Structure formats: C-alpha cells, structure tokens
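Okay, so here's the structure we're looking at.
Along the sequence shown, residues carry numbers from 1. Both counts, for ligands and for their atoms, begin at 1 and track the order of listing. In what follows, every heavy atom counts, from backbone to side chain, and hydrogens, waters and symmetry copies are set aside. Bear in mind that the values here come from a model prediction, so they are computed numbers and not experimental data.
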Amino acid sequence: MSASITTDVVRAAEVIRLGGLVAIPTETVYGLAAHALDPQAVARIFEAKNRPHFDPLIVHVARREQVEGLVTRIPEGAEALMERFWPGPLTLVLPKRECVPDLVTAGLPSVAIRIPDHPVAQDLLRTSGLPLAAPSANLFGRVSPTTPQHVAEQLADRIDLILDGGPCRVGVESTILHVGDDGRLTMLRPGGVPLESIEAVAGLVAMPDRASHEGAQLAPGMLPSHYAPRALVTIVDSFEGLADPGEVGVLSLEPVREPGRFAAVEVLSAAGDLAEGASNLFAAMRRLDAMADVRRIAARLCPERGLGRAINDRLRRAAK
Ligand code: AMP
Ligand code: MG
C-alpha cells in the first residue's frame with residue numbers, strides 16, 4: 001500500500017467510514033484520522049505510528065453540538081472557552097461518555113476534544129458525519145508534519161490516503177487544557193492558543209505538577225522526549241563560540257551573526273515574530289535534519305510568551 005495524495009474529500013470520507021486511515025490537514029499540523037468510535041480503526045492509528053497505547057488521542061468534531069454526545073457534562077467555564085476559541089487550536093479535556101473507546105483515551109475517564117479551524121478538515125468532518133480521532137501524522141516521537149509531503153515521507157506505506165490542504169498555518173499542535181469538575185483549568189500542553197489569551201477569557205490557568213500522581217493521570221502522553229530529529233539537538237544560550245560550527249545546524253527565531261560559519265542556518269522569522277516562527281518550526285527542523293553536513297542542531301529558546309511557549313516546549317523535548 002502506498003497512500004496517494006488527494007483533494008477528494010468524498011473519497012476520504014468513504015475511507016474513514018470503512019474503518020481506514022486518512023492523513024488530514026488542520027491549522028496546527030497534519031493529523032492521522034480514523035473513526036473515533038470504532039476501536040478497530042483507532043487501533044490502526046497506534047499501529048501505523050508505532051504509538052504506545054498509553055498515549056491518548058484528540059477527538060476532532062465539526063460542531064459544538066457533537067461534544068454532548070462524547071462527554072457526560074460540560075463543566076462551567078468550558079462553555080466560554082469553546083465560544084471564544086473554537087474552531088481553533090485549543091483542545092479541552094472533559095469527562096468522557098462510555099461510547100468513547102478506552103483506546104482513544106488510554107483508559108482515562110476523560111476525552112480530549114477540539115474543532116479544527118481548517119476548511120478541508122471541516123469538510124471531511126461534515127461529509128463523514130463522524131468524530132475523528134487524530135494524533136499528528138508522523139511516526140511516534142518524531143517531528144510533526146506540516147505538509148502532505150512530510151506525511152508521505154514517514155507514513156505513505158502505512159495509511160490509506162493523504163488529504164492535501166496545503167501547509168499548516170499555525171504549525172504547532174493545539175494547546176491542551178484539562179477542565180476540572182469545578183471548572184479549574186490546567187494546561188497540559190502549550191500550543192497554538194497562547195496562555196495569555198486563555199487567561200484573558202477564563203482567569204488563572206494552573207500548570208500541572210508533573211511529579212505528582214495527579215499530573216501523571218491527567219496527561220499520560222506528556223512524554224519528556226518527543227519531536228526528535230535524527231541529529232542531536234542542544235539548547236544553547238548563544239551561537240557564539242560553538243565547537244566545530246561547520247558541523248552545526250543552527251535553529252534560531254531571528255537572524256544570526258556570521259551565518260556562513262555554520263553548516264546551515266534556519267531562521268524561523270526574519271522579524272522575530274513568534275507566530276511566524278511557530279508556523280516554520282517543524283519544517284525547519286526537518287530541513288536541518290536532512291542535510292548531510294549537519295551533525296548537531298543548536299537551538300536558542302524564544303521569549304517565554306505567546307507562541308514562544310509552544311516553540312520552547314517543542315525545542316526542549318526535541319533536545320531530550
Ligand atoms: P497529539 O499527539 O498531538 O495528538 O496529542 C495528543 C495528546 O493529547 C496526548 O499526548 C496527551 O498529552 C493529550 N491528551 C489526549 N487525551 C487526553 C486525556 N483524556 N487526558 C489528558 N491528556 C490527553
Ligand atoms: Mg504528536
């Protein structure tokens with residue numbers, strides 16, 4: 001099997017209805033989608049990605065009303081977030097109904113849900129009429145895909161179809177928020193919606209205590225090492241004085257001094273814009289990784305605000 005790249009949404013919906021796997025464009029990254037309520041179809045996602053079963057999946061829906069069919073209740077506070085940020089790169093973790101397979105939630109009593117803000121994803125969700133479970137369309141632990149070609153490189157012979165929706169606009173995965181019964185919000189993963197924007201609508205958001213039992217229960221998929229290219233990634237304070245610069249691929253938000261010293265330089269945003277930087281991050285990591293001269297990748301962290309939080313989270317995990 002070698003999945004073709006297509007724009008045929010009707011065919012993609014048919015594949016999904018038959019229990020197949022379709023890579024789909026979203027505004028964040030490409031997802032690997034299957035019928036979320038069909039455990040066999042969902043099992044194929046884990047197989048194709050080599051994803052461990054303790055890492056739960058996000059369920060994508062077309063409309064707000066579909067959420068009620070998947071969760072037992074919508075805690076106070078979640079409503080305002082849906083209203084403000086959906087469709088968009090915000091995932092809410094809510095108490096699940098029995099119809100959601102345990103495989104989707106890794107046995108957790110909660111399910112992660114969002115409405116993607118991409119016309120092709122929405123078209124497929126509406127045409128199939130189904131909720132779609134979809135993690136990023138890459139091999140587990142590797143760099144996430146932001147173009148159909150990225151998907152094809154890793155998964156072409158493991159999935160049924162790749163839907164082409166062009167390059168992803170946001171470029172990093174969704175922000176994940178756990179909503180407690182009392183409405184308390186905990187950020188499980190920084191992503192496409194900045195923390196500042198969420199707090200402006202919903203008040204203070206807690207950060208999970210990764211060491212605590214509760215943290216582990218809330219977010220079994222928050223693995224420290226992820227997004228890893230083949231080359232060794234190091235976080236550096238400065239690009240000056242690096243050993244053997246001729247073997248180093250530089251990953252920088254802004255332009256660097258004397259770029260000619262290095263094997264390669266990827267500047268995420270000429271103007272140092274964090275949103276533009278996020279949208280270029282994964283493709284830049286892949287380009288550096290593909291260069292024969294690049295033995296090591298050196299990256300500098302961005303300011304810890306706005307989309308900078310999501311960029312830094314991905315860089316730190318790529319460096320582990
Ligand atoms: P991705 O690999 O981008 O699809 O992200 C899926 C991530 O969502 C997982 O790795 C978890 O961190 C998180 N997630 C999904 N479902 C749940 C859930 N029920 N509770 C907590 N976190 C979840
Ligand atoms: Mg992923």
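The side chain of Arg189, and not its backbone, has at least one atom closer than 4.0 Å to an atom of ligand 1 (non-hydrogen atoms only; side chain from C-beta on). Under 4.0 angstrom from ligand 1, the non-hydrogen atoms of Leu188 all belong to its side chain.
Near Val93, meaning under 4.0 Å from any of its heavy atoms, are these atoms of ligand 1: 18 (C), 19 (N), 20 (N). If you number the atoms of ligand 1 from 1 as listed, the ones under 4.0 Å from a heavy atom of Pro135 come out as 4 (O). Interface of Leu57 with ligand 1, defined as ligand atoms under 4.0 Å from a residue heavy atom, comprises 15 (C), 16 (N). Close approach of ligand 1 to Asp55 (heavy-atom distance below 4.0 Å) involves ligand atoms 9 (C), 10 (O). Set against the non-hydrogen atoms of Leu108, the atoms of ligand 1 under 4.0 Å away are 18 (C), 19 (N), 20 (N). Each of the atoms 3 (O) of ligand 1 lies under 4.0 Å from some heavy atom of Glu173. Below 4.0 Å from some heavy atom of Ala112 lie the following atoms of ligand 1, by number and element: 15 (C), 16 (N), 17 (C).
Using a cut-off of 4.0 Å between Lys/Arg side-chain N and Asp/Glu carboxylate O, Glu153 and Arg142 are scored as not salt-bridged. Salt-bridge check for Arg97 with Glu68: failed, with every basic side-chain N at 4.0 Å or more from each acidic carboxylate O. A salt bridge does not link Arg300 with Glu254: none of the charged nitrogens is closer than 4.0 Å to a carboxylate oxygen. Salt bridge absent: Glu247 and Arg261 never bring a charged side-chain N and a carboxylate O closer than 4.0 Å. Looking at Arg44 and Glu47, no side-chain N of the basic residue comes within less than 4.0 Å of a carboxylate O on the acidic one, giving no salt bridge. Ion pairing of Asp117 with Arg169 is present here, as a side-chain N (NZ or NE/NH1/NH2) and a carboxylate O approach within less than 4.0 Å. With salt bridges taken as basic N to acidic carboxylate O contacts below 4.0 Å, one links Glu266 and Arg287. A salt bridge links Asp313 and Arg317; the closest N-O separation between the charged side-chain nitrogens and carboxylate oxygens is under 4.0 Å.
Close N/O approach between Thr105 and ligand 1 is not found [any backbone or side-chain N/O within under 3.5 Å].
By the 6.0 Å contact criterion, CD on Glu196 is enclosed, its count of non-hydrogen atoms from other residues, nucleotides or ligands being greater than 12. Asp182 CG: more than 12 foreign heavy atoms inside a 6.0 Å radius.
Shown here are the protein N/O/S atoms lying under 2.8 Å from the Mg ion (ligand 2), water excluded: Ser136 OG.
Using modelled atom types, no side-chain atom of Asp38 and backbone atom of Gly19 make a donor-acceptor pair closer than 3.5 Å.
When side chains are defined from C-beta on, Ser252 does not count as touching Leu268, because their heavy atoms never get closer than 4.5 Å.
For Arg51, the heavy-atom gap to ligand 1 drops under 4.0 angstrom.
Evaluated by nearest non-hydrogen atom to atom 7 (C) of ligand 1, the leading choice among Ile176, Leu94, Thr91, Thr28 is Ile176.
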